[in-house]
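Notes to accompany the following structure.
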Amino acid sequence: MTGFGEAIRSFALTLWASRMSRENFERWQARALRRWLDRDLPLAPFYGVAPHHLSDLPVTDKALLMADFERFNIAGVSSADAWTAAAGDGRLGALTVGASTGTSGNRGLFVICETEKYRWLGTILAKAIPDLLWRRQRVAVILPQNTGLYDTARQSRRIDLRFFDLTLGPERWRSALEAFAPTVIIGPPKILRHFAIECFRLSPLRVFSAAETLDPVDRPVIEAFFGRRLDQIYMATEGLFAVTCRQGNLHLAEDSIFFEFETAGDGLVTPLVTAFRRQTQIMARYRMNDLLRLSPTLCRCGSPLRVVDEIVGRMDDAFRLTSVQEPLLITPDILRNAVLKADPRIDDFRLIQTAPETVELHLKPDLVGDAAQAALEAVRGLFASRQARVAVEPVRSALPLETGRKLRRVECRLPTGADK
């Protein structure tokens, strides 16, 4: 099968799976997962044999994967060779190699074959722009790093895709972006918000937030500027995990990923992902660092895929504090809401844990005094209600657009083990 044949097959499969009942979908998914466990997973030296059950496999994570990279892929690609390829044109023989930017922590690698690359293309197009068959689209991708995945899309006559390098800064490519007049824009919420503040001349049909947590404070600004709903693509170096449907709900990509969940408190979960359609780099029971709030109901769009109500943030941005009685863990959503609900005039901030008993609250210099005081009291009140031993220090500082790192309004800068 040719590359585009695989993309078309994946496109059709994704649409077909989205129309199943939940019961039929689970049966199909179980068969696909079993087939992958028997046929593909044992080819990776780290595993070697097929397990009786998925749960027989150990939980893995980025640290384990990167420490033993060549044993997790069937091509025997070492991390050294992968880094070299990623720093070049992303090619390693017939394979495509990519890496995360490291703007939010340790960098990760992926390696995929040509078939998987076109499979990814068919899947994401079916989920994000299923009307592609009837209307050619101009897609602007604005991210810190290009990969061979986007090059694949450029080879299609149905898409005119252009990559705009976020790290260069919007002033370098604003004119080119406006002249391109994209019908679809994919970018981090901070740059979409920047388009709104700077009144970029853009009129897309769909806008997707990607690559960063979408904070509630950004959504209304972006939606008001573009005059349409802001959708999301939840994607990482580890794969494509969820895309917003036409009804506006974020659906897990359960048609290519089997999700298990670990509870994280306050109704939140962190996912373990098993990518049962990947064949080169095996990802089984891989622990993601993200905090999700799942919906208890299915979507009215009819898809059997489960819905994520909110991507709250990252587990390593939860504040690790001490109290009179026991260690505390406060997740980013609780901290963010404490600031934003303190006063409606607050539209940006940073809340940073810099030491085991020190938190800095950064607010813009032009925020009026009573709003800033309300935010400070709200954060202090939250910590007091948990009996946390922590001092909150107010800081007035500019909060400019940063294109070299991910925006994390709530951030824990403690090294691992520093709270012990």
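Position 1 is the first residue of the sequence, and the numbers go up from there.
A distance of 5.5 Å separates CD of Q373 from CG of L376, quoted to the nearest 0.5 Å. With values rounded to the nearest 0.5 angstrom, S21 atom OG is found 10.0 Å from L298 atom CG.
For E402 against K190, the heavy-atom pair with the smallest separation is O-NZ, 2.8 Å.
For E262, the salt bridge (charged side-chain N to carboxylate O under 4.0 Å, His left out) partners at least two apart in sequence or on another chain are R287. For the side-chain hydrogen bond (donor to acceptor under 3.5 Å, both in side chains) test, residues two or more places apart in sequence or in another chain that qualify with R174 are E178. By the side-chain hydrogen bond (donor to acceptor under 3.5 Å, both in side chains) test, D68 pairs with R71, sequence neighbours left out.
Q353 contributes a side-chain N or O that, together with a main-chain N or O of R320, makes up a donor-acceptor pair within less than 3.5 Å. E116 places a side-chain N or O within donor-acceptor distance of the main-chain N or O of C113, the cut-off being under 3.5 Å. Between the side chain of R228 and the backbone N or O of L205, at least one donor-acceptor pair lies under 3.5 Å. A distance-only check finds no donor-acceptor pair linking the side chain of R336 to the backbone of L351 [under 3.5 Å]. Formation of a donor-acceptor pair under 3.5 Å by the Q137 side chain with backbone atoms of I129 is not found in this model. In this structure, the side chain of T96 does not engage the main chain of G90 through any donor-acceptor pair within 3.5 Å. Remark: the backbone N or O of R285 is paired with a side-chain donor or acceptor of T274 at under 3.5 angstrom. Of the possible donor and acceptor atoms, none in the side chain of D231 sits under 3.5 Å from a partner among the backbone N and O of V207. Judged by distance alone, with hydrogens and angles left aside, the side-chain atoms of T280 form no donor-acceptor pair with the main-chain N or O of I112 at under 3.5 Å. Remark: the backbone N or O of A128 is paired with a side-chain donor or acceptor of R206 at under 3.5 angstrom.
Put simply, the side chain of F72 does not reach to within 4.5 Å of the side chain of M283, judged on heavy atoms. Contact of the I233 side chain with the L240 side chain is registered, since non-hydrogen atoms from C-beta on lie closer than 4.5 Å. Using a 4.5 Å cut-off on side-chain heavy atoms (C-beta onward), L54 and F258 make contact. Residues Q281 and L109 fail the side-chain proximity criterion, which asks for heavy atoms closer than 4.5 Å.
Under the 30°/60° scheme for interplanar angles, the aromatic rings of F226 and F195 are found to stand perpendicular.
Between E6 and R119, at least one side-chain N (NZ, or NE/NH1/NH2) sits under 4.0 Å from a carboxylate O, which counts as a salt bridge. With respect to R380 and E377, no salt bridge is recorded, no charged nitrogen being found less than 4.0 Å from a carboxylate O. Between R193 and D215 there is no salt bridge, since none of the side-chain N atoms of the basic residue sits less than 4.0 Å from a carboxylate O of the acidic one. Under 4.0 Å is where a charged nitrogen must lie from a carboxylate oxygen, and between R278 and D40 no such pair does.
Looking at S18 and S303, their side chains never bring a donor and an acceptor atom within 3.5 Å of each other.
For the side chain to side chain contact (heavy atoms under 4.5 Å, CB included) test with F261, the passing option among L268, L294, T270 is L294; the others fail.
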